[in-house]
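Data block below; observations after.
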2 protein chains.
Amino acid sequence: MADVLEPKQLNTYFALMEAVSLLQHAVSQQLRAEGGLSYVQFELLARLSSSDGPLTMTELADGVVYSRSGLTHQAGLLEKAGLVTRGPSADDHRATVVGITEAGRELVAKVLPGHVDAVRRLLFAPLSTSDLDALGGIMARVRDHMRAEPPRSVATRRSPKGSGA
Amino acid sequence: MADVLEPKQLNTYFALMEAVSLLQHAVSQQLRAEGGLSYVQFELLARLSSSDGPLTMTELADGVVYSRSGLTHQAGLLEKAGLVTRGPSADDHRATVVGITEAGRELVAKVLPGHVDAVRRLLFAPLSTSDLDALGGIMARVRDHMRAEPPRSVATRRSPKGSGA
DNA sequence: TATTGTTATACTCTATAACTATA
DNA sequence: TATAGTTATAGAGTATAACAATA
């Protein structure tokens with residue numbers, strides 16, 4: 001049995017992919033309807049709003065986006081909407097630092113309750129406390145595993161701090 | 001308690017979304033590189049190849065795609081590539097039945113080992129047997145919950161338009 | 001030379017609305 | 001009237017490659 005997943009694995013994989021697909025779809029609709037934001041844009045704003053200060057493009061990209069130009073594009077849209085500011089970094093003159101504006105914070109605050117409500121209603125409602133613990137532990141482990149061992153063929157330059165691939 | 005997720009929930013939610021995002025990205029790359037397929041296209045072919053016979057567009061769409069025109073588009077691409085056939089249904093003259101071709105089966109067979117390998121390496125490698133059981137049970141429950149209680153504002157046909165940007 | 005970020009561009013995916021035809 | 005599917009089209013997201021500037 002070298003190249004088939006066992007049935008249990010297959011079912012788990014499909015259930016995971018479909019459930020998350022449904023969740024992503026629902027959550028994207030909520031963000032779009034209530035704030036005109038894509039999920040990625042929301043993630044960027046949320047990251048900036050919970051950060052102590054501005055972040056560089058590279059810091060901001062980490063884990064959210066898979067190409068540099070994609071982030072430039074999204075940051076441009078957010079800037080044009082007055083939700084973030086971009087400016088040169090004092091430390092490293094190559095870098096751009098991105099900060100959230102008051103309007104950006106307000107939009108996050110406006111959208112967050114509905115977002116949280118959707119997640120709770122769709123994802124957590126059918127789960128017990130021990131399910132929550134189990135799921136959290138499992139997915140954190142999977143995430144860390146995948147961060148550490150990037151998919152083959154992803155040789156693109158990434159990972160700002162640690163010396164990546 | 002009204003509009004924040006508890007920290008544990010928040011971490012679980014983020015871990016789930018990031019892990020699956022990484023998995024989707026890796027798996028999409030593998031499918032694209034080895035078979036020129038998107039994940040959705042692979043799903044459609046896989047569904048057809050494990051089906052007893054042809055499926056109607058509506059049957060095929062179920063759980064894979066969120067709009068009818070999207071499926072028409074993807075089916076058109078697959079047909080143009082010689083991977084599926086489309087024809088009128090005998091039972092219901094409104095319906096289109098979609099069947100997989102020999103080339104379609106061959107492509108699935110060609111791509112599947114790498115796909116399975118990626119999933120095993122990225123998702124299952126860091127999980128124990130009991131993790132697998134737990135994850136499978138949890139995600140099946142979440143999936144069924146979301147199927148049963150579709151997100152508000154998702155109406156298959158005719159939905160009032162929300163605000164946007 | 002390597003890294004940060006932008007630009008230009010092209011391509012895919014998705015979704016809405018209008019349409020045809022069958023039930 | 002309701003359902004199955006297609007078309008046309010428009011918009012958003014993403015990625016690649018070439019580029020400029022700084023380390």
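Side chains are part of it too, since the values below use all heavy atoms of this structure and drop only hydrogens, waters and symmetry mates.
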Less than 6.0 Å separating the ring centroids of B:Tyr13 and A:His115?
yes
Atom-pair distance (CE on A:Met57; C1' on C:dT7), nearest Å
12 Å
In Å and rounded to the nearest 0.5 Å, what is the CE to CG distance from A:Met146 to B:Leu123?
7.5 Å
Residue pair A:Thr72/B:Leu37 against DNA chain C: nearer the 5' end by closest nucleotide is A:Thr72
Rounded to whole Å, the CG-P distance (A:Leu44 to D:dA12) equals 17 Å
Nearest-angstrom distance from the residue atom CD of B:Glu59 to C1' of D:dG5
14 Å
For the pair B:Thr96 (side chain) and B:Arg86 (backbone), establish whether a donor and an acceptor sit closer than 3.5 Å, ignoring hydrogens and angles.
no
Between the CD atom in B:Gln9 and the CZ atom in B:Phe14, the distance rounded to the nearest 0.5 Å is 12.0 Å
Look up atom CD in B:Glu43 and atom CD in B:Gln41, then write down how far apart they are to the nearest 0.5 Å.
11.0 Å
Among residues 77-86 of chain B, which contact DNA chain D at a heavy-atom distance under 4.0 Å?
B:Arg86
Is there, by distance only and without an angle test, a donor paired with an acceptor across the side chain of A:Ser69 and the base of D:dT16 below 3.5 Å?
yes
Calculate the interatomic distance between A:His25 atom NE2 and C:dT14 atom C1'; express it in whole Å.
9 Å
Rounded interatomic separation in angstrom, taking CZ from B:Arg68 and C1' from D:dT6
10 Å
Whole-Å distance separating the NE2 atom of B:His73 from the C1' atom of C:dT16:
15 Å
Can you tell which of A:Leu71, A:Thr56, A:Val84, A:Thr85 makes a side-chain contact (heavy atoms from CB on, under 4.5 Å) with A:Val98?
A:Val84
Measure from CZ on B:Arg32 to C1' on D:dT14 and round the result to the nearest Å.
11 Å
Measure the distance from CG on A:Leu71 to P on D:dA15 and round it to the nearest whole Å.
12 Å
Expected output is a numbered-order residue list: members of residues 90-100 of chain B with a heavy atom under 4.0 Å from any atom of DNA chain C. What is it?
B:Asp92, B:His93, B:Arg94
Look at A:Gln41 and D:dG13 and indicate whether a side-chain polar atom (N or O) is within less than 4.0 Å of OP1 or OP2.
yes
Looking only at atom types and distance, does a side-chain atom of A:Lys8 sit under 3.5 Å from a main-chain N or O of B:Asp133, one as donor and one as acceptor?
no
Sorted by chain and number, sequence neighbours left out, ring pair (Phe, Tyr, Trp, His ring centres under 6.0 Å) with A:Phe124 holds for none
